[in-house]
Amino acid sequence: MEEILAEALAVAAPQRAAGRVADYIPALARVDPDKLGIAFAGADGTVHGAGDCDEPFSIQSISKVFMLALALEKVGVKLWDKVGREPSGDPFNSIVQLEHERGKPRNPLINAGAVVVTDALIGDGPAEAAIDALLALLRGQAGSGNIAVDEEVAASESQTGARNRSLGWFMRSFGNLSNPVEEVLGIYFRQCAVAMSCRQLARAGLFLAFDGRDPVTGRAVCPWHRARRINSVMMLCGHYDNSGEFAFRVGLPGKSGVGGGILAIAPGHGAIAAWSPALNAAGTSAAGAAALEALVERTGWSVFV
Ligand code: GLU
């Protein structure tokens, strides 16, 4: 496996030059665009890695997958009254669809939808408990207590977060946000600023490859039907207006983040995390997607077999 991972990185490496590091969040603009790493967590919990697989990076929107699992656990299917599950075909921070659809975001993986999910997870409790729940899930599943919020990245995004705040206020005007906008956005910025390595991320996402159950401990992180639904939302919505292209090239559910990470789920096989900070125009890691494409070509993994 380590050989396959190293090969995938070698194929993908030239793609680093095809993308650009996210610069609308100043703290992310400082990350070295040459970084490239990948890790695979399999059924026995062993995590194989190659390249910069031990270096923590900002998981950004990959956090939305774990927040979705937590919010569904908390409020159940009622969540779908507030957020849809259709691909948006629009950029990650688009506001245009929200007006047509009266403040109900298309899906939980675009920014507006993720803000609704965060609001639901906060519920009527203290906002900070939502971050505690996220960190407990990530630390527990990855088996590493050192996973934390990078407060510098969170502050940097908050300082430049006018667009995400606008989405929040807009949804609030339609009555689709229960908590104060500033409180919900504060948590959203912090969940996006969680720093993890490829190894930690692949291990943390492993339950999604095994019907919601951690294959090592046997613990059900979520019921099988919920894991399948989260995977289907990732498949159709995980890369914004680039989701079709990713499904076409990789054929696995995945979620990208503007920190350059991608979490991909190979049901029955394991979870893969790739990282390379330079992004394509839709905000998906250019070399990360290429590495995953090379990996599935070699392994034959696909949800379409
Ligand atoms: N924190 C980022 C934002 O809200 C997340 C976007 C992404 O990772 O795709 O702009």
Side-chain angles (χ1 to χ4, degrees), residues 19-31 56-68 83 87-98 105-119 130-131 134 138 149-171 177 181-182 184-196 198 201 205 233-234 236-243 245-246 253-264 273-286 288-289:
R20 285 193 50 201
V21 173
D23 53 10
Y24 74 101
I25 300 174
L28 294 184
R30 293 196 283 274
V31 179
F57 60 89
S58 193
I59 67 168
Q60 291 294 315
S61 282
I62 303 169
S63 66
K64 295 171 182 173
V65 173
F66 297 95
M67 292 293 274
L68 176 60
V83 60
S88 70
D90 275 327
F92 66 102
N93 57 3
S94 173
I95 204 164
V96 74
Q97 238 163 22
L98 265 186
R106 273 284 169 102
N107 67 67
L109 301 181
I110 52 174
N111 288 9
V115 169
V116 167
V117 169
T118 299
D119 180 53
I131 287 291
L134 175 66
L138 295 173
V149 174
D150 181 331
E151 298 294 351
E152 192 195 332
V153 173
S156 180
E157 182 167 356
S158 182
Q159 276 152 21
T160 54
R163 172 69 73 105
N164 285 326
R165 284 190 179 85
S166 306
L167 294 170
W169 281 109
F170 203 56
M171 291 190 290
L177 221 56
V181 172
E182 203 48 45
V184 181
L185 267 292
I187 298 299
Y188 172 80
F189 295 141
R190 297 187 71 224
Q191 75 183 54
C192 288
V194 167
M196 291 172 78
C198 287
L201 193 55
V233 174
M234 287 171 82
L236 291 172
C237 316
H239 309 267
Y240 315 117
D241 45 341
N242 200 223
S243 299
E245 179 70 12
F246 187 86
K255 181 70 204 93
S256 62
V258 295
I262 305 176
L263 173 66
W275 174 52
S276 169
L279 312 174
N280 69 16
T284 297
S285 169

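Both ligands and their constituent atoms are indexed starting at 1 by order of listing.
- Ranking protein heavy atoms by distance to atom 10 (O) of ligand 1, first place goes to Tyr24 OH, 2.5 Å.
- Side chain of Trp275 to backbone of Ile59: no donor-acceptor contact under 3.5 angstrom is found.
- A donor-acceptor pair under 3.5 Å links the side-chain atoms of Ser285 to the main chain of Ser276, judged by distance alone.
- Of all the heavy atoms of Cys192, the ones lying under 4.0 Å from any atom of ligand 1 belong exclusively to the side chain.
- Under 4.0 Å from ligand 1, not a single heavy atom of Asn93 appears.
- Interface atoms of ligand 1 facing Tyr240, defined by a heavy-atom separation under 4.0 Å, are 6 (C), 7 (C), 9 (O).
- There is a side-chain donor-acceptor pair under 3.5 Å between Gln191 and Thr118.
- Shown here are the salt bridge (charged side-chain N to carboxylate O under 4.0 Å, His left out) partners of Arg163, two or more places apart in sequence or in another chain: there are none.
- Of the heavy atoms in Asn111, only side-chain atoms (C-beta onward) come closer than 4.0 Å to ligand 1.
- With ligand atoms numbered from 1 in the order given, ligand 1 contributes 8 (O) to contacts under 4.0 Å with heavy atoms of Gly257.
- Given atom 5 (C) of ligand 1, the protein heavy atom at minimum distance is Ser61 OG, 3.1 Å.
- Close approach of ligand 1 to Asn164 (heavy-atom distance below 4.0 Å) involves ligand atoms 3 (C), 4 (O), 10 (O).
- Remark: the backbone N or O of Ser256 is not paired with any side-chain donor or acceptor of Thr284 at under 3.5 angstrom.
- By the criterion of a heavy-atom distance under 4.0 Å, neither the backbone nor the side chain of Phe189 is placed next to ligand 1.
- Side-chain contact check for Asn111 and Asn164: at least one donor-acceptor pair (N or O, by modelled atom type) lies under 3.5 Å.
- Here the straight-line distance linking atom CG of Asp90 with atom CZ of Arg106 works out to 7.5 Å at 0.5 Å rounding.
- Of the candidates Gln60, Lys64, Glu157, the one placing a heavy atom closest to atom 3 (C) of ligand 1 is Glu157.
- Between Glu157 and Arg190, no side-chain nitrogen of the basic residue sits less than 4.0 Å from a carboxylate oxygen of the acidic one, so the salt-bridge criterion is not met.
- Proximity to Val258 (heavy-atom distance under 4.0 Å) selects the following atoms of ligand 1: 6 (C), 7 (C), 8 (O), 9 (O).
- Polar contact with ligand 1: absent for Lys255 (N/O pair, distance under 3.5 Å).
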